Amino acid sequence: MSNKLSQLKEFTTIVADTGDITAIKDFLPQDATTNPSLMLKAAQIPEYAPFLDQAVAWAKTQSKDKDQQILDAGDKLAVIVGTEILKYVPGRISTEVDARLSFDKEATLAKARKLIALYEEAGVSRDRVLIKAASTWEGIKAAEELEKEGINCNLTLLFSFAQAQACAEAGVYLISPFVGRILDWYKKSTGQEYTAETDPGVVSVTEIYNYYKQHGYKTVVMGASFRNIGEIEQLAGCDRLTISPNLLEELKKDEGKLERKLVPTTDVKPAPASITEAAFRWAMNEDAMATEKLAEGIRNFAADQRKLEITLASML
């Protein structure tokens, strides 16, 4: 019998949740995702030193203002790493918009267009890139416009059904519901332990997946932020799963049988009325877990972005 990673690939597209090119070469995923935290880790890998030098040198040619140079270097580094990763994956790379822009639609649009322009200048077509943005109302509305421009988006830090509904109605290409972070919140809040079957993150993604298929939404569901392979096994059959190298390795070593859990329905029903901004914000207000984890995720990504910028600033 083949290992669980091979079995999973039969009905779910595997995405590597890493900026480490060595890991990507090892596991041969279809796509790869990065975020500020992963970029910060990647920047500390010795093999990446030339990428940092290249980004800083380029930034110096773009502006004489040091603060702008730092921002430019960060954008260029993300694109250099993304371009390198694309040499080893046949599909797409997800590159994240600065988390500090999460509540600014126009700034998110500008940053997304800049990143796509940098990729295109590097010879990478936009159909190989997903722009990642937080699933705030502003991020979702920015993604709605970007999709109409042919810039596909990955809406991340997604914790609630309201976020998922709004993303589908906006025509977003892909969403990344965060399984493990949902579990983290419930374990801390309730003091309970959960099985793979009762894991609140697994339950949430299953509900979203079934809702999308039931109403014929084309938005791809990509489970993310896993804590263990039990969560992954319960979501076998999900459109895509983005998995860290250590969990990919566990799946690769496990020779047990993997059962498909999620199967799309063939009985498609009309979509319900669209969610309004007021209804979206109220639903988030009522969902303490989603509100807290979204805010925490944005803060943490912003903090790691600032740490990366400190490293880049020291090189300018």
Side-chain angles (χ1 to χ4, degrees), residues 94 96-97 99 101-109 111-112 130-183 185-186 189 200-225 235 238-240 242 262 264-265 267-299 301:
S94 287
E96 191 143 355
V97 168
L101 307 179
S102 295
F103 301 101
D104 188 331
K105 174 188 166 185
E106 294 305 319
T108 296
L109 286 168
K111 181 69 78 173
L130 292 178
I131 293 295
K132 287 179 77 176
S135 300
T136 58
W137 181 259
E138 294 80 6
I140 295 167
K141 291 292 116 177
E144 187 171 21
E145 289 193 25
L146 291 169
E147 293 287 351
K148 292 173 182 175
E149 298 174 17
I151 299 173
N152 293 145
C153 298
N154 171 353
L155 269 290
T156 188
L157 294 175
L158 193 146
F159 302 99
S160 76
F161 186 82
Q163 289 172 297
Q165 182 182 348
C167 285
E169 291 165 1
V172 169
Y173 181 85
L174 179 148
I175 62 168
S176 295
F178 276 34
V179 179
R181 296 194 196 187
I182 293 175
L183 174 65
W185 188 92
Y186 276 98
S189 177
V202 169
V203 171
S204 175
V205 176
T206 300
E207 180 187 19
I208 291 166
Y209 175 90
N210 289 334
Y211 176 80
Y212 276 20
K213 305 311 177 190
Q214 182 182 21
H215 296 296
Y217 290 117
K218 302 300 183 186
T219 298
V220 174
V221 181
M222 182 173 75
S225 173
L235 294 175
C238 194
D239 300 328
R240 301 186 192 189
T242 181
L262 302 186
T265 180
D267 183 19
V268 178
K269 301 176 182 178
S274 296
I275 190 169
T276 63
E277 179 178 355
F280 174 90
R281 295 194 185 282
W282 180 252
M284 291 295 290
N285 181 73
E286 291 293 276
D287 189 335
M289 177 276 296
T291 296
E292 292 173 22
K293 297 307 289 185
L294 173 61
E296 177 187 69
I298 291 171
R299 286 195 302 270
F301 280 163

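Please read all numbers here as calculations on a predicted model, not as lab measurements.
Sequence neighbours left out, the pairs with a member in residues 271-295 that pass ring-ring contact (aromatic ring centres under 6.0 Å, His included) are W137-F280.
In this structure, CD1 on I298 lies 10.5 Å from CG on L101, to the nearest 0.5 angstrom. Going from atom CD of E145 over to atom CD1 of I140 covers 13.5 Å, rounded to the nearest 0.5 Å. To the nearest 0.5 Å, atoms CG (L146) and CG (L109) are separated by 5.0 Å. Distance NE2/H215 to CD/E169: 10.0 Å, rounded to 0.5 Å. Between the CG atom of L294 and the CE atom of M289 there is a distance of 10.5 Å, given to the nearest 0.5 Å. The CD atom of E144 lies 10.5 Å from the CG atom of L155; values are rounded to the nearest 0.5 Å.
For the residue pair C153 and V172, the shortest heavy atom distance occurs at O-CG1, 3.7 Å. Minimum interatomic distance between Y209 and C238 (heavy atoms only, all atoms of both residues): CE1-CA, 4.0 Å. The two atoms that bring A164 and Y212 nearest to each other are O-OH, 2.6 Å, heavy atoms only. Residue V221 comes nearest to I208 through the heavy atom pair CG2-CG2, 4.3 Å, listed as atom of the first residue, atom of the second, then distance. The two residues A133 and T108 have their closest heavy-atom pair at CB-CG2, 4.4 Å. Considering all non-hydrogen atoms of both residues, G171 and T219 come closest at C-OG1, 4.4 Å.
Of the candidates T242, N154, T156, N152, N154 is the only one forming a side-chain hydrogen bond (donor to acceptor under 3.5 Å, both in side chains) with S94.
Using a distance-only test at 3.5 Å, with no hydrogens or angles considered, a donor-acceptor pair links the side chain of S102 to the main chain of A99. Within the 3.5 Å criterion, the main-chain N or O of Y173 finds a donor-acceptor partner in the side chain of E147. At distances below 3.5 Å, not a single donor-acceptor pair connects side-chain atoms of Q163 with backbone N or O atoms of P177.
Under a 4.0 Å N-O distance rule, the pair R299/E296 does not qualify as a salt bridge. The pair E138-R281 meets the salt-bridge criterion, with a side-chain N (NZ, NE, NH1 or NH2) lying under 4.0 Å from an Asp/Glu carboxylate O. With salt bridges taken as basic N to acidic carboxylate O contacts below 4.0 Å, one links D239 and K213.
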Working note: T265 + N210, criterion side-chain contact (heavy atoms from CB on, under 4.5 Å); need CA distance, chi angles, decisive distance, verdict. CA-CA 8 Å; T265 180; N210 289 334; over 6 Å; no
V202 and V179: CA distance, side-chain angles, deciding distance, side-chain contact (heavy atoms from CB on, under 4.5 Å) verdict: CA-CA 6 Å; V202 169; V179 179; 4.1 Å; yes
Quick one: do K111 and I131 satisfy side-chain contact (heavy atoms from CB on, under 4.5 Å)? Show the steps, please. CA-CA 10 Å; K111 181 69 78 173; I131 293 295; over 6 Å; no
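With no hydrogens or angles considered, no side-chain donor-acceptor pair links D287 and S160 at under 3.5 Å.
Taking F159 as the reference, F178 meet the ring pair (Phe, Tyr, Trp, His ring centres under 6.0 Å) condition, with sequence neighbours excluded.
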